[in-house]
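Worksheet for the structure shown next.
Values in this document were obtained by computation on a predicted structure and should not be read as measured data. Atoms considered below: every heavy atom in the structure, side chains included; atoms not considered: hydrogens, waters and symmetry mates. Counting starts at 1 for both ligands and their atoms, in listed order.
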Amino acid sequence: MMAGTSQTAHWSSRWTFIMAAVGSAVGLGNIWKFPYEAGQGGGGAFVLIYLFFVFVIGTPVLVAELSLGRRGQKSPIGSMAKIAKEEGRSPLWSLIGWSGVLGAVIVLSFYSVIGGWTLSYMFDAFAGTFSGMDAAAAGAHFGGLLTNEYAVIGWHAAFMGLTMFIVARGVEGGLEKAVTYLMPALFALLIGLAIYSSIAGDLAATVDFLFKPDFSKLTFDVMLQALGQSFFSLSLALGSIMTYGAYMTRDVNIGKSAVIIASADTGVAIMAGMMIFPIVFAYGLVPGQGPGLIFATLPIAFGQMSGGAFIGGAFFFLLVVAAITSSISLLEPSVSYITEKTGANRRKVALMIGGFIFTMGILSGLSQGDNPVADISIFGRSILDAKDFLTNNIMMPIGGMFSAIFVGWFVSRKNMMEELAMEDGTFRIWYFLVRFICPVAIGAVFVSIIYNTVTG
Ligand code: TRP
């Protein structure tokens, strides 16, 4: 029962770790958010700047977080406290861990609501509900889901239930099992659908759109959006990566793993674009219309193409899989902290925290569409959007910036070198990025987000 006596579980191989981390990174962020943000940000220009942020800012922070996790061997809070102590630094550094664990709880409370929408759409698609829908009908279908309290809460419960079920079974029996089945399925589906869509849809228009940069669309806001998206997509700063790092064994190379994770995550985002836009263009739909791209737009195409019930169902199944392998990484940080702190049984803890997050998510679910709760406005945002703003634009940049600062300036260089076991030249580049470029770039973006928010 004593805290700290429980042994940390570990991934059983380098491969399962990579799949779990890629599973965390690849999620709604890649398949739902990235395409519509690229669509709004002028396509190619957004993609270019996004690539820059992923590899120059995101990947070094990913390395920092994985190494903090592996060095600490505990929950994000426990690891930060332990390392700060070892390095003779203020215990206040554990606030990075706190912000991560709480941030993940907040994100999961609305991520699960959207996960619920994807579950509902998967069943609708397979049932042939979209058949023959025009734009108005598809919009009405989405609006109808959002306005149906029972459906929204029921699907949110189902999604959260699946997440809790996996996390309750632990690292090896739950997370690892889930990703070893689900990730290959995800890749197969993604490739299959992208090929289908390139043949059946308008590939030329897509290539033009995604790879020909229109720099006139590259405003400052689009750049902020791209940095925020790169952090969200890589699962940074909210405890997921630090927690997964704690389950890494010492023989796994962190730098190489981080590059694989970031490349796979980016590859999936681009593939998702290659899967969605050919259909969007072939059916004359609008690429830049925002968050409704998948829920209000794609069903129109699925409703017209032959075999659309199957293709659409497969597409939403892919989305469900991507979302689940991410949501488990959002539940794991708080579960690992509470089990570490209380020594309580993981199953109970997963159920309790999951139940709490589910409850927290109800209002987010009801804050969309034509519900009375949608009228509640927090600084001009619905509850779901306010949580998204708080985590994506405030907690993630601050958390990422301070993890970079901590690793770059407050952990001894020698200890970092030992943890990373990189070649000298690579280490120097990484160290330079994490000490100077990451904090300054993230800090600048954060200040401008606040400035834009305050001045409207
Ligand atoms: N990266 C996931 C996605 O793209 C979401 C996610 C999982 C996440 N864990 C996270 C985002 C931690 C931020 C922080 O959908």
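- Applying the side chain to side chain donor-acceptor pair (under 3.5 Å) test to Ser79 and every residue at least two apart in sequence or in another chain returns nothing.
- Residues forming a ring pair (Phe, Tyr, Trp, His ring centres under 6.0 Å) with Phe232 (at least two apart in sequence, or on another chain): none.
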Starting from the N and O atoms of ligand 1, collect every protein N/O partner closer than 3.5 Å and put each pair on its own line with the distance to 0.1 Å.
from     : atom 1 : to     : atom 2 : distance (Å)
ligand 1 : 1 (N)  : Ser24  : O      : 3.2
ligand 1 : 1 (N)  : Ala25  : O      : 3.0
ligand 1 : 1 (N)  : Phe232 : O      : 2.8
ligand 1 : 1 (N)  : Ser233 : O      : 3.2
ligand 1 : 1 (N)  : Ser235 : OG     : 3.0
ligand 1 : 4 (O)  : Ala25  : O      : 3.0
ligand 1 : 4 (O)  : Gly29  : N      : 3.4
ligand 1 : 4 (O)  : Asn30  : OD1    : 3.3
ligand 1 : 9 (N)  : Ser235 : OG     : 3.3
ligand 1 : 9 (N)  : Ser240 : OG     : 3.1
ligand 1 : 9 (N)  : Ser329 : OG     : 3.4
ligand 1 : 15 (O) : Leu28  : N      : 3.1
ligand 1 : 15 (O) : Gly29  : N      : 2.8
ligand 1 : 15 (O) : Tyr111 : OH     : 2.6

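- When Trp117, Phe295, Tyr121 are each tested for a ring-ring contact (aromatic ring centres under 6.0 Å, His included) with His141, only one passes: Tyr121.
- Every residue two or more places apart in sequence or in another chain was checked for a side chain to side chain donor-acceptor pair (under 3.5 Å) with Ser90, and none qualifies.
- A salt bridge is absent between Glu176 and Arg169: the closest approach of a Lys/Arg side-chain nitrogen to an acidic carboxylate oxygen does not fall below 4.0 angstrom.
- For Glu419 and Arg250, the salt-bridge test passes: some basic side-chain N is under 4.0 Å from an acidic carboxylate O.
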